[in-house]
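The basis for the numbers below is simple: all heavy atoms, side chains too, and nothing from hydrogens, waters or symmetry mates. Every value quoted in this text rests on a predicted model; they were computed, and no experiment measured them.
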Amino acid sequence: MAEASGDASSLAVTVKKKKSLSIEEKIDIINAVESGKKKAEIAAEYGIKKNSLSSIMKNKDKVLEAFESLRFDPKRKRLRTAFYTDLEEALMRWYRIAQCLNVPVNGPMLRLKANDFAQKLGHNDFKCSNGWLDRFKSRYGLVFRAQPVEAPGISVDPSAVWHQNVLPYYLNDYHPKNVFNIKETGLLYRMLPTNTFAFKGETCSIGKLCKDRITLVVGTNMDGSEKLPLLVIGKNRNPRCFKGIKSLPVYYEANRMAWMTSDVFEQWMRQLDEKFQAQQRRVVIFVDSFPSHPEVKNLKSIELAFFPSCLSSKFIAMKQGVIQNLKIKYRHCLIKKFLSSVEDSREFTFSLLDAVDMLHLCWRTVTPETIVKSYEEAGFKFQKGESDETKAELDTGLDLVAHARAAGVEFPEGLSVEEYAALDDDLEACEAAPAGDSVWKTESQADETGFYASDEEDDGGSLGTEPPSPSQTEAVTALETLKHFLRSQEVHDGLHNSLADLEIFINSLSSK
């Protein structure tokens, strides 16, 4: 009986404890299997059973995702995730950015930041305890050490650190189609070449000229496949030219300074968030660190990434060609419209509604090649094989300038279309202080120039009685004229399809 007991004891000693593999070891096993090595040899080498190896291969995608996204410490043996995954992702991203910028982080700082993110993400029942923090550190392999003392005379360039470490962290998490940049720019929407010297150097924060300015907000994604609808911020909530208008091809907001405010920004972000939610997309939007760009709480589909305030504008993609290209196209169209009125001996009138329509048209013609080139100039690099060499288009406008001068239009000598388009680039487009200074003036509150911010203020369009809206019969007649014209031209099928959709819409109005 004792002998049998000894045999059992000896048998128990020979039974090996099941081995737990780290993520790194699992990656090595996956690579070995895919290289053609025999599974029996791999199992023997790592001391595991064949069914354990099969289980690793079955969960290959999860293992690779965990390793490539750096969401887990490679030495970890389990891929168990936490309940608040969105909170952990935000906290980990913040921690890595702090590392890249050489900001020392300790446990209390992480706890404060975790509670902050929980509030912003709507996890009101979350409170960061020591136990949760220990488990979080274990999941991600975080070990806090004393910061090494830098050698004297060695300085860190924040721009280089951000570009080499922080930016790639975002780009690894998002496909180029889901990486966006937005940027504001001031626009003197009625400025003709003859006015350039009068406008040059004008800040347009006060005074009569400010009624001729708007703020334009442009945004695109990284691969050039999507342009956000333009956001136009004017001075008047209800300009005369908008009377009877129920829809615009752009987002329109207004305040007395005609610039971006924190309220406008938050409202716009929420509108975009609803759009991306409907598309079941998750996107990142890069924006400047301005008071007018607050952190917007509880966004479900948008992650806001703020450029550090010390960063140069060369990292802002929209400033590397997109805004310039749009303004050049816009000013081309403005000059052509002016020339048309001169040649027809008509009075030139141009309203804010005309500007909105013209901006929408010009925005549609900005090419993906121009957008991709702008992102590349800003250092947003595509992954290898995702982008071919691109060449941004740029209209020189030499023929247009010559034509203008031939028609007797004064175009200042030595002023190119590019310079003409860039004269309002330095206009203030964002509020410099928190909201509250941008309240509306009543009609009894004029500024020192006597200029009012009333809702019915003249916007520079035609004065007098507004023409009545066209009837449905007139709209159908106009559409038939347009169809007749297009049939005499060589146009692509897409345009005919758009006309068909428009005709269906007009006909549907009769049933309402």
Side-chain angles (χ1 to χ4, degrees), residues 22-24 26-27 59 61-147 156 158 161-176 178-180 273 276 281-287 289 295-308 380 383:
S22 69
I23 297 176
E24 277 185 328
K26 291 178 181 179
I27 292 292
N59 295 296
D61 292 340
K62 290 183 179 179
V63 176
L64 292 174
E65 180 191 1
F67 182 77
E68 292 173 358
S69 66
L70 299 179
R71 287 169 51 198
F72 297 96
D73 174 21
K75 303 295 183 184
R76 277 191 63 194
K77 301 181 185 298
R78 295 186 181 183
L79 299 182
R80 185 178 299 162
T81 56
F83 182 71
Y84 300 102
T85 53
D86 55 347
L87 187 155
E88 291 206 0
E89 288 176 3
L91 186 60
M92 198 60 199
R93 175 171 282 111
W94 174 84
Y95 174 76
R96 294 195 184 282
I97 290 174
Q99 275 189 315
C100 292
L101 297 176
N102 291 327
V103 176
V105 176
N106 55 28
M109 288 176 65
L110 269 183
R111 288 186 64 180
L112 286 172
K113 204 62 188 175
N115 288 326
D116 183 45
F117 279 128
Q119 183 182 7
K120 291 176 179 177
L121 293 168
H123 300 310
N124 299 323
D125 58 339
F126 175 87
K127 187 173 181 180
C128 184
S129 63
N130 286 330
W132 184 92
L133 183 61
D134 289 340
R135 291 190 294 274
F136 173 80
K137 289 159 60 178
S138 174
R139 277 192 287 272
Y140 292 90
L142 302 186
V143 179
F144 299 134
R145 301 183 180 91
Q147 294 291 315
V156 178
V161 171
W162 187 89
H163 182 258
Q164 295 170 11
N165 298 286
V166 180
L167 178 59
Y169 186 80
Y170 285 104
L171 299 187
N172 287 338
D173 269 8
Y174 292 90
H175 188 277
N178 293 325
V179 176
F180 287 81
D273 192 52
F276 290 124
R281 292 168 65 188
R282 177 75 180 165
V283 306
V284 59
I285 300 181
F286 287 86
V287 296
S289 296
E295 288 191 31
V296 183
K297 296 181 180 180
N298 300 321
L299 292 177
K300 294 180 172 59
S301 290
I302 293 176
E303 177 181 3
L304 290 175
F306 295 92
F307 291 115
F380 287 68
Q383 296 298 317

N115 versus C128, closest heavy-atom pair with distance
OD1-N, 2.9 Å

For the side chain of N172 and the backbone of P168, is there at least one donor-acceptor N/O pair under 3.5 Å apart?
yes

What one should report as the nearest heavy-atom pair of A118 and F126 is CB-CD2, 3.4 Å

First locate atom CH2 of W132, then atom NZ of K127, and finally report the distance between them rounded to the nearest 0.5 Å.
14.5 Å

Any side-chain heavy atom of I302 sitting closer than 4.5 Å to one from F276?
yes

If you take all heavy atoms of A114 and L87, which pair is closest and at what distance?
O-CD1, 3.8 Å

Rounded to the nearest 0.5 Å, how far does CH2 of W94 lie from CZ of F117?
7.5 Å

OH-CD distance between Y174 and E303, expressed to the nearest 0.5 angstrom:
3.5 Å

Of all the heavy-atom pairs spanning R111 and S129, show the shortest one and how long it is.
NH2-CA, 4.2 Å

How long is the gap from CG on L133 to NZ on K137, to the nearest 0.5 Å?
5.5 Å

Nearest 0.5 Å, what's the CZ-CZ distance between F286 and F380?
4.5 Å

Rounded to the nearest 0.5 Å, how far does NZ of K300 lie from CG of L121?
10.5 Å

Using side-chain heavy atoms (C-beta onward) and a distance below 4.5 Å, is D173 in contact with R282?
no

Restricting to non-hydrogen atoms, name the atom on D273 and the atom on S301 that form the minimum distance, rounded to 0.1 Å.
OD1-N, 2.7 Å

Side-chain heavy-atom pair F306, V287 within 4.5 angstrom cut-off:
yes

Side-chain contact test, heavy atoms from C-beta onward, threshold under 4.5 Å: evaluate it for Y95 versus K113 and give yes or no.
no

